[in-house]
Amino acid sequence: MMKASSGSAAEATSTGKAIKEKKQPAATTEKPDANNADSMFGVGDGALTMAAELIAYDVDKHAQEITLTPEGRLPYSALTATLETIGNESKRLLIVRYLTNFFRVVLHKCPHALLDVLYLCVNKVAPDYAGLELGIGDATLITALASTTGKKESSIKSQYDEVGDLGLVALKAKSSQKSLGSFFGGAASAKKPPLTCHDIFSAFVSIAKEEGGNSKSRRIDSIRKMLVRAQNDEAGWIVRGLQGKLRIGLAENSVLAALGQACCMHEIDMRCETSKITGEKPEKLDTAKVLMPHLVAANEAIRTVYSECPNYGKIVDTMLAPVLAYRAWRDAGASEPPTWQEVPGGMADVRRLCSFEPGVPVHPMLSKPTKGVQEILTRFNAETEFQCEYKYDGERTQIHVFLQKRGSHKRKSDASAAAPAVAAAAPASKKSAAAGFFAPRASPSKAAAAAAAAATTATAETGAAASETETEACASAAAEPDTSATYERVVKIYSRNSEDMTTRYPDVTVLVDQFLPPAPSAPLQGTPDSYADASEVDDAVCESIVIDAESVAFDRETKTILPFQNLMNRKKKDVKLEDVKVNVCVFAFDILYYNGVPLLKKPLRERREILAKVCKEIPNMFQLSSVMVSREFDDINNFLNESVGASTEGLIIKTLDDTYEPSRRSLNWLKLKKDYIEDGGGEGGLGDSVDLVPIAAWHGKGKRTGVYGAYLLACYNPETESYESCCKIGTGFSEEVLESHTKALQETEIQWSGTGAPRSYLLVGDMLKPDIWLEPTQVWEVKAADLSLSPTHKAAIGVADEHRGVALRFPRFLRIREDKKPDEATTNAQISEMYWGQESVQKKDVVVDDEDDMML
DNA sequence: TTTGGCTGCCC
DNA sequence: ATTCTGC
DNA sequence: GCAGAATGGGCAGCCAAA
């Protein structure tokens, strides 16, 4: 697995293979599993095999093949070897199994490296809500590679175009330099100690934290240092890691599956090991059939935990607490009786200790597209009740409100790392603490305290960088009422991708006090674990709440919804209430938490009822989303039309009995937009379909290497007989179509090495720098959701707007219009009309209207 | 001081 | 965002 | 039907070059 290839060419090919290749149509022995989603969770056919293979895997043997550094660090090469193996595999079950077994080895050999490894696998540097990002893109990497190898940036770029993978470019550059015995990876580096996972992750974190003057060059220096120390194929993985995409068919969901299974297996292994000491007889889990339910449960647990507590540091600390306690006990010579089993944590406790709390964003429910009203009706049988709801075109906003001790703001790194230990020492039932009676605290034994310390140390060593910027959930303050303290209600706002947007919405933050019941002066006593129904919900006082909503740019004068673009014009950093120029109306559509009670497992029907009960609508500022319940085709169709008339995108369809548990199915809602509808008939407003001409192209990357990955499209201006750029397009192509387009259009390439467009009849903004230019020959039918005034594109410039052209939003390829010549493409005038014809765009100035008429 | 490239993050 | 693809 | 990986327009913020 870790065979070091000596030849540089072999190294290059090695990573090259990690790009998924098209599967040969050759006979496969394994039949495709129709129900593969389930087998991912360990329920299908392949799952038994998976379990059996996990049992058969000799963790200890593989652990011995890895040599830790003298400091006890895990070599980076151990990870890259696994990534390499995964990259050569396309079966998801196998990918997950490889990673699972690697995690098991890490847990066995070097548990404190798990967090580093996890972060490197998911290509993150901190939890999403911590607001720490690498700040490295392709351009920076190209500069870094050029400076490391002494090559020109243009040469790196053209190699990138050719091989479609910057990681591969790094490897090639390295090997060519190696033969010259210079810069990177020369003889000198052979003496250096190997890179460790900790080295790489720490470097990533420090790159992310770099800011201010010369920060770019400092980042590049860091990258160069890593690349110089890299051996074999490591440079490729470093580069891919910095790109933020490993591109080996392994992303967050698979990593979570592997984490769950690995922890499950490790606990089983550990129980076997310790049973010899304690004399206990562990449950036999040595057959696939017996093991499988445990794997399924572990999978489910980790998925749920991560969706409610998206913080790997906290999860790992919690999972490892008993393990580390055991090791501490074992390493201490086992003179005292074992108490590590009392340490809370591991699979048994992780759900409880890492559960949903205000202050940490939950993964939001998402929706998937449907083709029309009929599809919705056929999808739901007659018993399934559902609601239709406007789909507002704004920004997803998850609003958290919770009580916090005054002045306790954010906890610092030490508290963050220690959080699991603190949580562990707290009573299991929140209720007993909140009730204010004598809280039976499990007074932590010596070993438990030691374990807590060990867990903290592990994080401090390996994960401090990540933890430091993490904001802890502060709602736990409510569990320990402090009579001397005063409390304030804190508001946090998170985006669809769990980014902290609080500072962007001072207006929404202030709004909270207007639509919510007043805050209690101290934490509520005796809050229930759950509500039997909405009537039990206290709407007199609101201590805490989490609301799911869409914030939409709103004109309070005309009381109309403004286009998405207006919302994006708002300032984003350090926004003061007075700075707000573009007003917002918050359309709330769900409630996930109220006064200490999680509502995720309540059906939508009840959540909606509670939401309506506790939130007071403030017209044009805070409203509940428009909802309609009916299963009549005409009703739904009318509601869809009405929604479009109200400047929204369409409808979201939600079943009334479903819960809010994104770990189970994050795409449980359906969306219905006009432009999804496959009409067949005329274009008549059912989404915008236009016929445009490809006039330039870009080389594809990754799985599109070797074909053009994106094209520049233009509309036709009959007056000037020129083509005006309207959008780029990069989706809607099957692989076959990508091939044929490349083949056909390569013939029409215009040789050109100058700047700007090669022909006067190609009107394209300076910002766009296509790889190649094309003579206008084809017409493509393209679908879009919307049109917008563009800073980059030129379509209908001087017609739709004096200075700006029109561009398409969400463009996708439909088909070639064989029947049309380029000069029969959609015209600039038509594009202008379509732009101004949109509901959300009001033409206020009648004079402009007249001018348009005169021009025609 | 202004401009423009790059990046991340909304959709 | 949308779309395609392998499993 | 999931998960992953291709790709879109366009905004503010940041930093470096002009």
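Chain naming here is simple, since letters A, B, ... match the order of the sequence lines and numbering starts at 1 in each.
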### Message
Does A:Leu713 reach a base, just sugar-phosphate, or nothing at all? Heavy atoms under 4.0 Å.
### Response
nothing
### Message
Over all strands shown, is A:Asn214 touching base, sugar-phosphate only, or nothing at heavy-atom distances under 4.0 angstrom?
### Response
sugar-phosphate
### Integer-rounded Å distance: B:dG8 P and A:Asp138 CG
10 Å
### Message
Quick check on D:dA3: is either OP1 or OP2 less than 4.0 Å from any side-chain nitrogen or oxygen of A:Ser254?
### Response
no
### Message
On the nucleotide D:dC2, are OP1 or OP2 found under 4.0 Å from the side-chain N or O atoms that A:Asn253 carries?
### Response
no
#### Entry: side-chain N/O A:Gln565 vs D:dG9 OP1/OP2, d < 4.0 Å
no
### Task
Respond yes when some side-chain nitrogen or oxygen of A:Arg379 is under 4.0 Å from OP1 or OP2 of D:dG1, and no when none is.
yes
### Query
Does a nitrogen or oxygen in the side chain of A:Ser790 sit under 4.0 Å from OP1 or OP2 of D:dG10?
yes
### Query
Could a donor-acceptor pair under 3.5 angstrom be found where the side chain of A:Arg92 meets the base of D:dC2?
yes
### Message
Looking at A:Lys728, I'd like to know whether one of its side-chain N or O atoms comes within less than 4.0 Å of OP1 or OP2 on D:dG8.
### Response
yes
### Query
Has the side chain of A:Thr731 got a donor or acceptor atom sitting under 3.5 Å from an opposite partner on the base of C:dT2?
yes
### Task
Indicate, with yes or no, if the rings of A:Trp698 and A:Tyr711 have centres closer together than 6.0 Å.
no
### Query
Between A:Glu153 (CD) and B:dG5 (P), how many Å, whole number?
14 Å
### Message
With a 4.0 Å cutoff (strictly under), does any side-chain N or O of A:Thr792 reach OP1 or OP2 of D:dG10?
### Response
yes
### Query
Hey, does the side chain of A:Lys391 come within less than 4.0 Å of C:dA1's phosphate (OP1/OP2), counting only N and O?
yes
### Query
Ring centroid separation for A:His741 and A:Phe733, is it under 6.0 angstrom?
yes
#### Entry: D:dC2 OP1/OP2 closer than 4.0 Å to side-chain N/O of A:Lys368
yes
### Task
Give a yes/no answer on whether the side chain of A:Arg218 brings an N or O atom under 4.0 Å of OP1 or OP2 in D:dA16.
no
### Query
Does A:Tyr711 place a side-chain N or O at less than 4.0 Å from the phosphate oxygens OP1/OP2 of D:dT7?
no
### Query
Nearest-Å distance, CG (A:Asn569) to C1' (D:dG13)?
14 Å
### Summary
A:Ile95 atom CD1 is separated from C:dC7 atom P, nearest whole Å, by 9 Å
### Task
Among A:Val255, A:Leu259, A:Ile86, find the residue that satisfies the side-chain contact (heavy atoms from CB on, under 4.5 Å) test when tested with A:Cys121.
A:Val255
### Message
Please determine whether a side-chain nitrogen or oxygen atom of A:Ser90 lies at a distance below 4.0 Å from atom OP1 or OP2 of C:dC7.
### Response
yes
### Query
Quick one: is A:Ser788 getting a side-chain N or O under 4.0 Å of the D:dG10 phosphate, OP1 or OP2?
yes
### Task
Specify the residue among A:Pro791 and A:Leu667 whose closest nucleotide of DNA chain D lies further upstream toward the 5′ end.
A:Leu667
### Query
Would one find a side-chain N or O of A:Lys703 under 4.0 angstrom from OP1 or OP2 of D:dT7?
no
### Task
Name the residue closer to the 5' end of DNA chain D, choosing between A:Trp698 and A:Glu211 according to the nucleotide with the nearest heavy atom.
A:Trp698
### Message
Rounded to whole Å, please give me the gap between CG in A:Asn668 and C1' in D:dG1.
### Response
12 Å
### Query
What nucleic acid atoms does A:Lys572 come within less than 4.0 Å of, heavy atoms only: base, sugar-phosphate, or nothing?
base
